[in-house]
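Values reported hereafter were calculated over all heavy atoms of this structure, with side chains retained and with hydrogens, waters and symmetry mates removed. Throughout, a chain's letter reflects where its sequence line sits, starting with A, and its residues are numbered from 1.
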Protein chains: 4
Amino acid sequence: MTPSLTEKSRELAASVMKDGISQAALEVLKQHGYEGLTMDRVAEVAGVAKGSIYHYFRNKQELVTHVFEQIIEPAIQAGEEIVQKASPALQKLEAMVRMWLEYFSQHRSLFDFLFRDPAVRELCFTSQRAKHGLAIERFRAIVQQGIEEGVFRSLEPVVVAEMIIGALQFVIERQLETGESRPIDETVQRLLDVFVHGIGRSEAQAATG
Amino acid sequence: MTPSLTEKSRELAASVMKDGISQAALEVLKQHGYEGLTMDRVAEVAGVAKGSIYHYFRNKQELVTHVFEQIIEPAIQAGEEIVQKASPALQKLEAMVRMWLEYFSQHRSLFDFLFRDPAVRELCFTSQRAKHGLAIERFRAIVQQGIEEGVFRSLEPVVVAEMIIGALQFVIERQLETGESRPIDETVQRLLDVFVHGIGRSEAQAATG
Amino acid sequence: MTPSLTEKSRELAASVMKDGISQAALEVLKQHGYEGLTMDRVAEVAGVAKGSIYHYFRNKQELVTHVFEQIIEPAIQAGEEIVQKASPALQKLEAMVRMWLEYFSQHRSLFDFLFRDPAVRELCFTSQRAKHGLAIERFRAIVQQGIEEGVFRSLEPVVVAEMIIGALQFVIERQLETGESRPIDETVQRLLDVFVHGIGRSEAQAATG
Amino acid sequence: MTPSLTEKSRELAASVMKDGISQAALEVLKQHGYEGLTMDRVAEVAGVAKGSIYHYFRNKQELVTHVFEQIIEPAIQAGEEIVQKASPALQKLEAMVRMWLEYFSQHRSLFDFLFRDPAVRELCFTSQRAKHGLAIERFRAIVQQGIEEGVFRSLEPVVVAEMIIGALQFVIERQLETGESRPIDETVQRLLDVFVHGIGRSEAQAATG
DNA sequence: CATGAATGAGTGTTCATTCAT
DNA sequence: CATGAATGAACACTCATTCAT
């Protein structure tokens, strides 16, 4: 059992180091941008020798990936909670949109950097359908639930999920670019309004429908 | 008149070279990504000496910018034509969505790279409201027209424009990532359907409205 | 005889071009310094094609050398005149010191650049004992004359000439560096005073002597 | 105490490397001149990788400056000692002239290169009145002392100092250029003779002579 | 395990020189 | 002769990665 204990403390120490380095990398990312993310700087900020980083991360890419995962974790958790709740789809949708809006407005600048690494993108979206793919999956589930509840029309839920996320991301992105920051509540309402009721006028809709 | 002729052929040769280098850069971009875009590679692919590139582009950034402009130009033109037509907003919207859909599906992979260059982003979005900002402006104008025609509800047109573009981009992005390629017609219909009618069911809408 | 005429006009044209290019190089030198002296810039300022420079100067070094010769020529001439005059050595010395002082204060900044090229140095001082060596020779001749006239002590004239030139150059150099510009008359007097009478006090001299 | 030991050996190793690189740079300077001083060559001669140089010197300029300081340091020290001594001005002057003469004859070729770097010049003369400015200051102090002792005439000491240094430098320079090497003792005597007694035969001098 | 010195391939950019037109 | 596009070697500097201690 002793070895198990030693092993555990070893593991603990290792994970502490990993986190420390990861945090340092995040700091560097914030201050110097993606192109300014050098192992030297990470080592300096983390207060460890450059070589030590390679004990915990095989290479720079792995470090970047880990940083990304650290950042996105809270959103994953928050999303999970929202989905798990026993609320109507519309409420879940609103909660989800608000959560992502808040999340993106906090971290968008970092995403600019993180999404830059093709390897990270690969990881996030495609390969293991992880993280972002997960976001889609969750919106999809909510849309599906809405359809089943009879409040949403019977549309392809994945595509709808994608549209919502895309719209949401881009709206945030624009706000960051233009510098203006509208209250999140307002943005949430607008997004929901458009997606739920459409931009078409009811009479016209009645006519077309 | 002779100098005019010589001058012309010189200009022609110069523009041929510029295009050649630009094409080479595009090729490198496709194969190696933005981080892999080195002047050496461009020179090699273009089949010219590295130094020669600097006869046509002051520096790397200028080359990148030029490549970007070359790519986006056709879309700008097509957008202009659509906007100028005297058609109802709904038709324009459809044409615009289809155009961008076609355009993005052709170039999305490049945008991943191009949008990554801060200088390019600057150019595109912020500084001179050029290119992408222009796209927003055009969608905005169409939405505005729709509102005036009485077919669209009176929503903030800029935000709606942003949502549509965001949704559109992301849907394409996803298709590229998942590898599946749905017919563009179908995607256009889905986007319009969602944005015009919303995802909510009519009764619910009637109830809310 | 016709070919002779053609030949002459050809030669004339060539020398005109050489001078034009040389002047352009001088201009570039003044504006951009030695490190900024590029063939491109020279061609641009001269208003000729870069390639044309190589018709008149085998390479950059030859051009630089030519520029140097152009600059130093007036001083050579002025020196010649002073030496040729039938005046007492002391008067010649004063005239010479004044001339060089004026000359250096006008061109010192250029010398900083020109003396930088080892090839130029080679040319100027060593190889053909040209130019600068010539200056030494002239000061030497004046000192010699002074000895013969009985107004100067019988010292090794070359070394004395070197000392005077060295002192003269350095005093100017310092003025340029410190930025202060004392009147030339004053500097001339000081130099002559020190070199003619020495810094030692008469009694002390008598004591030492 | 162990860390202190490790630290010390580390520091030692670092200073050994710095010196090695510095020496290599000196070697390159001697063989290829200032324009031929490339980091590649320094690395090759030093037997280290190019990148390693940048562990010890932030950039080329810093390396050059360091080389310069290494070379000039001994002269600074020797000058300090001479000035500090409690000897009559005339003796100090002789010692100083001899010291510089010896020093310059050893390093003049390097100065050709070193003085060429604007940054080095800046450092030496202007900015902190360091090094060369220091030399002037010291000669000035000696002249001043001589005036106070009553052995030198009451002349502007700074200008006299400049003249002596200029003459001294130029005489050495000439010897290097012409290749002839006169005994230093002789040169010292000639310089002092000229500067103390002047070249003119005055009545007083005539009386002594 | 921790270290940080050492590495060396790679980066964008410059510029004297050549040569086909 | 005049041209200027093309060249390519050279430059200072960076940085992910390795490895002896």
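OP1 or OP2 of E:dG4 has not a single side-chain nitrogen or oxygen of A:K50 nearer than 4.0 Å. In terms of phosphate contacts, A:Y56 brings no side-chain nitrogen or oxygen within less than 4.0 Å of OP1 or OP2 of E:dC1. Applying the 4.0 Å criterion to OP1 and OP2 of E:dT7, one finds that D:Y54 has every side-chain N and O outside that range.
Using a 4.5 Å heavy-atom cutoff, the side chains of C:D40 and C:K50 are in contact. Within the 4.5 Å cutoff, no side-chain heavy atoms of A:Y56 are placed close to those of A:E62. Contact check for A:V42 versus A:E27: no side-chain heavy atoms found under the 4.5 Å cut-off. At least one side-chain heavy atom of B:K18 sits less than 4.5 Å from a side-chain heavy atom of B:F57.
As rounded to whole Å, 17 Å separates atom P of E:dC15 from atom CG of C:N59. Atom CD1 of B:I21 is separated from atom P of E:dT13 by 14 Å (rounded to the nearest Å). One interatomic measurement links the two molecules: CZ of C:F57 to C1' of E:dA16, which rounds to 15 Å at whole-angstrom precision. Atom C1' of nucleotide E:dT13 and atom NE2 of B:H55 are separated by 13 Å, given to the nearest angstrom. The CG atom of A:L63 sits 15 Å away from the P atom of F:dC15 (whole-angstrom rounding). When rounded to the nearest whole Å, the span between CD of B:E35 and P of E:dG10 equals 16 Å. Spacing between atom CZ of A:R58 and atom P of F:dT18 amounts to 12 Å, rounded to whole angstrom units. Rounded to whole Å, atom P of F:dC13 lies 20 Å from atom CE of B:M39.
With A:H66 as the fixed residue, the side chain to side chain contact (heavy atoms under 4.5 Å, CB included) test singles out one of A:I21, A:D19, A:I71: A:D19.
Place B:R41 and B:G51 on DNA chain E by their nearest nucleotides, and B:R41 ends up nearer the 5' end. Between B:V48 and C:M17, the residue anchored closer to the 5' end of DNA chain F is C:M17, taking for each the nucleotide with the nearest heavy atom. The residue among C:G47 and A:G36 whose nearest nucleotide of DNA chain F lies closer to the 5′ end is C:G47.
Figure legend. E:dA20 is base-paired to F:dT3; pairs are counted as Watson-Crick or G-U wobble with both atom distances under 3.5 Å.
Among the protein residues, D:S52 comes within range of the nucleic acid bases, having at least one heavy atom under 4.0 Å from a base atom. Within 4.0 Å (heavy atoms only), C:L37 reaches sugar-phosphate atoms of the nucleic acid but no base atom.
Distance from the side chain of D:T38 is smallest for F:dC11 among the nucleotides F:dC11, E:dT17, E:dT3.
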